[in-house]
Each structure stands twice: as C-alpha cells, then as structure tokens.
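Reminder, nothing fancy here: chain letters follow the sequence lines and each chain counts from 1.
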2 protein chains.
Amino acid sequence: MSSESDFTPPMMRVPEPGTKIRVLVVDDHPPMRIGLVALIKSQPGMDVVAEASDGEEGIEVYEDVRPDVVLMDLRMPGMGGVEAILAIRKKDPEARVIVLSTYDMDEDIHRAIQSGAKSYLLKDMSIEEIASTIRSVYLGDSLLPRQVAERLTERSEREQLTERERDVLESLIKGRSNKEIASSLCLSEDTVKSHLKTLFAKLRVRDRTGAAVEAIRHGIVHLK
Amino acid sequence: MSSESDFTPPMMRVPEPGTKIRVLVVDDHPPMRIGLVALIKSQPGMDVVAEASDGEEGIEVYEDVRPDVVLMDLRMPGMGGVEAILAIRKKDPEARVIVLSTYDMDEDIHRAIQSGAKSYLLKDMSIEEIASTIRSVYLGDSLLPRQVAERLTERSEREQLTERERDVLESLIKGRSNKEIASSLCLSEDTVKSHLKTLFAKLRVRDRTGAAVEAIRHGIVHLK
DNA sequence: GAAATTCTCACCCGTTCGGGGGATGCGAAA
DNA sequence: TTTCGCATCCCCCGAACGGGTGAGAATTTC
C-alpha cells in the first residue's frame with residue numbers, strides 16, 4: 001500500500017471538453033456486447049475503447065486501455081463480475097465500474113456495490129438511463145436507479161448472515177439432512193440445529209424449505 | 001380446425017434468390033435488442049423488419065409484417081415467450097420462431113419446443129451460430145445446438161409430473177406445510193403426502209427441500 | 001371391455017425436524 | 001474489564017415429515 005502512504009494529492013479526473021468518455025464493455029453475451037457497443041457509440045461524448053467477454057479478460061484489457069468507465073456484467077463464466085471489480089479497483093482505486101446485470105436480486109446488488117461498483121443497472125433499462133448513468137459516473141457521481149436502490153433497502157432490513165450460517169445454508173441447499181450437514185462441516189448435529197434456528201429467524205421462514213427458496217430468490221446462494 | 005380439413009396443399013415458403021430473410025426481433029432488453037438488430041443487419045441475406053419489447057407487441061407486429069423468422073426472448077414481463085409463440089402459430093402455423101434465451105433450463109427448452117419453436121439458442125452463443133440458425137430455420141430446418149439438445153435429453157430421463165403433482169410442488173415452494181397444502185388444494189393431508197411421495201421419486205430427491213431446489217434449478221417452477 | 005394412469009384417501013411407524021430452554025469458550029469492541 | 005456477538009454443544013419434547021402398503025373411483029387408452 002505504498003501508494004497510499006505518499007503525499008500526492010488525489011488527482012480527480014475531470015471531464016475535458018471535446019474529449020469523449022472512454023468506455024470498456026465486459027459481457028459474455030456476444031449480441032449484448034454488440035448492442036452495448038452500438039448504444040455507447042451512438043451517444044455523443046462517449047466511445048468504446050475496448051471489449052472483453054469475461055472477468056479475466058476484463059482485468060487485462062483494463063490495464064491496457066485504462067478506460068474512464070467500465071460497463072460490466074455480473075454473472076459470467078469463470079471469473080465473475082465481483083472478482084473482476086475487486087481486481088481492477090485494487091490496481092486502480094479510481095476505477096469507475098458500472099454493473100449491468102440481468103438480475104435485480106438484493107444480494108447481487110449489495111455484493112457489487114460492496115466491491116466498489118459505482119452503480120448497478122438492469123438490462124431492461126432504457127438506453128437513455130444507461131447512457132446518462134455512464135455520464136454521471138464519469139463525472140464522479142455514484143447513483144443507483146430507484147428500483148435498484150429499493151432492493152438494497154429491502155436487504156438491509158434483513159439481518160446479515162454469519163459465515164457459519166452461510167455454510168449451513170449452502171449445505172442445506174445441496175439437499176443434506178441435519179446429520180449430513182453436521183458431518184460435512186465437522187459439527188455436532190445440535191450445532192447445526194442451532195444455526196438453523198437463527199437462520200430461519202433471519203430469513204423469516206419456518207423451515208428449511210422456506211430457507212432454501214428465500215436464499216435462492218434473493219441470490220444469497222447461486223444454484224449450479 | 002377447419003383449416004386442417006380442407007385440401008389445399010401445404011404452401012412451402014422457399015427462399016427466393018436475392019431476397020433477404022425478413023426477421024422480427026422480440027426482446028425486452030433494449031441493449032440486447034440493439035445488438036440483435038445490428039447482428040442481423042450485418043449479415044448478408046437477412047434484415048430486421050420489426051422489433052417488439054414483449055409478447056403482446058410481438059404478436060401484433062407479427063400480424064403486420066409477417067416476417068420470415070422471429071427471434072424471440074422467452075422470459076419477458078407480461079406475456080412470456082411461450083404464450084406469444086402459441087398465439088403466433090395459432091394465427092400462422094407456418095410461423096418460424098427461434099427462441100433466444102439466457103437460460104438453458106430443460107423445462108424452458110421443452111416448453112419452447114413444445115409450443116412450436118423451431119430452435120432454441122442461448123445468448124452466450126456466437127453471432128455465427130445465431131446467424132446460421134436463422135438461415136437454417138428460414139430454410140425449413142429445425143435444429144438444436146448440441147448443448148441445448150443435451151439438456152432436453154436430461155429432461156426426458158426425468159419422469160413427467162402430473163398436473164396435481166405440479167400443484168403440490170408450487171404450493172410447497174410457497175413454504176406451506178403438508179396440512180396447508182392440503183387445505184389450499186382442498187385435499188386430505190394423506191393425499192398431499194401421497195403426491196409428495198411420487199414427486200420425490202420423480203425428481204430423485206428425499207425431501208421437500210430437495211424437491212424445491214430441483215424444481216427451481218430445472219425451471220419447473222419460476223420464482224416470483 | 002380390459003389395461004393403464006391418475007387422483008383420492010387411509011393406516012402404521014419410525015425418523016427428522018423445529019421450538020424452547022440453557023451452557024461454554026473466545027475474541028473483539030466498548 | 002465488561003459486554004457483546006459468534007460458534008459450539010447439550011437436553012427435552014411434540015409436531016411434522018417420509019416410507020411402506022393398500023385400495024376405490026374416474027378417465028383415458030388400447
């Protein structure tokens with residue numbers, strides 16, 4: 001962290017008049033990538049400087065082109081969007097990444113923002129909303145669409161799960177019984193039941209089935 | 001079924017040299033729609049004649065423009081792709097619809113093919129694969145990518161659920177107990193247990209939690 | 001008309017599950 | 001230091017669950 005200990009003042013990248021916003025597009029769906037590139041190029045004041053089809057490639061390309069804004073899909077094969085954002089922001093803490101996802105699950109949104117994304121857009125949003133968010137984020141803002149922000153609020157009303165509770169939850173969704181969860185996590189069955197009790201309370205369900213459904217619905221665990 | 005009882009020979013629409021394949025694009029994601037339109041227009045021998053952003057609009061527009069091929073998303077707000085395909089093929093049994101979906105769940109694929117789709121593509125497929133499928137379907141073929149076909153095979157190995165079993169399954173995923181499922185479906189609890197028994201066997205799980213997870217994983221029931 | 005399937009319900013029985021307590025140790029925060 | 005959250009474990013108990021088996025009625029299929 002030597003870059004944090006020196007005394008160079010934070011260099012804000014301000015928009016230079018007449019210069020286009022340089023965007024990197026990262027998405028694993030070819031037609032979506034084509035669409036995003038076309039969308040951005042059709043907007044005045046911005047241009048696509050590179051594309052990538054997964055997280056790893058996105059990180060590499062970021063280094064090469066140092067774009068002003070990254071438009072990043074979240075769920076991609078191999079390295080997902082969250083890891084990619086973390087890696088990019090580790091190299092460049094000033095990086096401005098906008099997540100563009102199909103899903104509006106609260107956990108996805110939270111993880112994205114937590115990892116440093118400046119905004120979270122949904123793929124069913126209008127080109128105007130996407131373009132204007134790119135501009136805002138480029139200018140240093142960090143705004144969430146109302147629909148997305150509301151989801152985040154819902155989540156914050158749900159109590160946070162502990163690491164162990166997550167372990168039990170994941171094991172539960174694999175179809176295991178309490179006894180099997182216990183042995184798979186090297187715990188006593190009573191401990192598993194204890195975790196389940198708090199888990200049910202936090203997810204506001206009565207039983208393991210409800211817990212499984214809620215966990216999947218909110219993206220707390222991903223299937224496959 | 002009066003159209004089936006007359007003796008007019010089936011009129012095959014054969015490709016006319018020099019004429020472009022007229023494609024209708026139906027997708028609720030603006031950037032994806034832009035991408036698909038750009039993709040198709042970039043291909044020699046095909047052109048986009050109309051776009052729609054949901055099922056209803058797709059049906060209307062189909063009537064107006066009578067395209068050669070429809071590229072249709074499956075999961076859309078309001079009327080989904082399946083209903084739209086059924087409606088389109090009811091009006092024009094010769095309609096050639098290709099589903100282009102994000103998801104490769106076997107139930108989605110099955111429902112799409114069942115409702116009359118000529119092919120089922122995934123959004124992570126290459127533009128070449130998408131373009132060549134449009135050409136093939138236009139020529140009257142009905143081919144599935146290997147990856148998709150394999151999923152269908154998996155499904156056929158799973159025993160088909162009966163109507164009542166689906167009812168119980170849906171109720172189960174709403175977090176209901178056996179007793180509650182019984183009263184919600186106006187059944188005795190023993191009958192519910194009886195359905196659950198066969199359900200577990202068909203889905204190859206031991207308990208309700210496993211049934212819920214498998215049902216969601218394979219798209220047998222959709223959340224929300 | 002026979003066969004198959006589905007839907008319905010019943011009974012028994014053992015296991016699992018979930019709710020109610022409470023207890024310990026441990027590290028971090030106040 | 002004390003308090004707090006967390007993880008771990010224990011006990012009791014009743015309700016819910018899942019397996020086995022069977023069986024009558026209705027519908028469809030052959």
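Between D207(B) atom CG and dA16(D) atom P there is a gap of 17 Å when expressed in whole angstrom units. One interatomic measurement links the two molecules: CG of L199(B) to P of dG19(D), which rounds to 11 Å at whole-angstrom precision. If you take CG of L196(B) and P of dG19(D), they are 9 Å apart, rounded to a whole angstrom. Nucleotide dT8(C) holds its P atom 15 Å from the CD atom of E189(B), rounded to whole Å. Rounded to whole Å, atom P of dC7(C) lies 10 Å from atom CG of L161(B). Going from atom CZ of F200(B) over to atom P of dC17(D) covers 9 Å, rounded to whole Å. Rounded to whole Å, the distance from CD1 on I181(B) to P on dT8(C) is 13 Å. Rounded to whole Å, atom C1' of dG18(D) lies 10 Å from atom CZ of R208(B).
With dC11(C), dC17(D), dG21(C) as the choices, the nucleotide that has an atom nearest any side-chain atom of N178(B) turns out to be dC17(D). The H195(A) side chain lies nearest to dT8(D) when the options are dT8(D), dC17(D), dG18(C). Set against dG18(D), dC9(D), dG20(D), the side chain of K197(B) has dG20(D) as its closest nucleotide. For L187(A), the side-chain atoms get nearest to dC9(D) when compared with the rest of dC7(C), dC11(C), dC9(D). Residue S177(A) places its side chain closer to dC17(C) than to any other of dA7(D), dC17(C), dT21(D).
Where R206(A) and E163(B) meet DNA chain C, the nucleotide closest to each residue was compared, and E163(B) sits on the side nearer the 5' end. Ranked by how close their nearest DNA chain D nucleotide is to the 5' end, K202(A) and S188(A) are led by K202(A).
Residue R164(A) places at least one side-chain N or O under 4.0 Å from the OP1 or OP2 atom of dT8(D). Residue T191(B) places at least one side-chain N or O under 4.0 Å from the OP1 or OP2 atom of dC9(C). Between dC7(C) and T162(B), a contact under 4.0 Å exists linking OP1 or OP2 to a side-chain N or O.
If you check the side chains of T133(B) and S119(B), you find no donor sitting under 3.5 Å from an acceptor.
A salt bridge between R111(A) and D108(A) is present, with a side-chain N of the basic residue lying under 4.0 Å from a carboxylate O of the acidic one. No salt bridge links R158(B) with E154(B); every basic N to acidic carboxylate O contact stays at or beyond 4.0 Å.
Within the 4.0 angstrom heavy-atom criterion, only backbone atoms of the sugar-phosphate kind lie near K179(B); the bases stay farther away. Among the heavy atoms of the strands lying under 4.0 Å from D190(B) is at least one base atom, whether or not backbone atoms are also near.
With P31(B) as the partner, the side chain to side chain contact (heavy atoms under 4.5 Å, CB included) test is satisfied by one option alone out of L121(A), L36(A), V25(A): L36(A).
Note: N178(A) CG to S183(A) OG = 11.0 Å, rounded to the nearest 0.5 Å. One distance of note links CD of E63(B) with CD1 of I59(B); it measures 9.5 Å at 0.5 Å rounding.
Scanning atom types as modelled, one donor and one acceptor separated by under 3.5 angstrom connect the side chain of S194(A) and the base of dC9(D). The base of dG18(C) lies close enough to the side chain of K193(A) for a donor and an acceptor atom to sit less than 3.5 Å apart.
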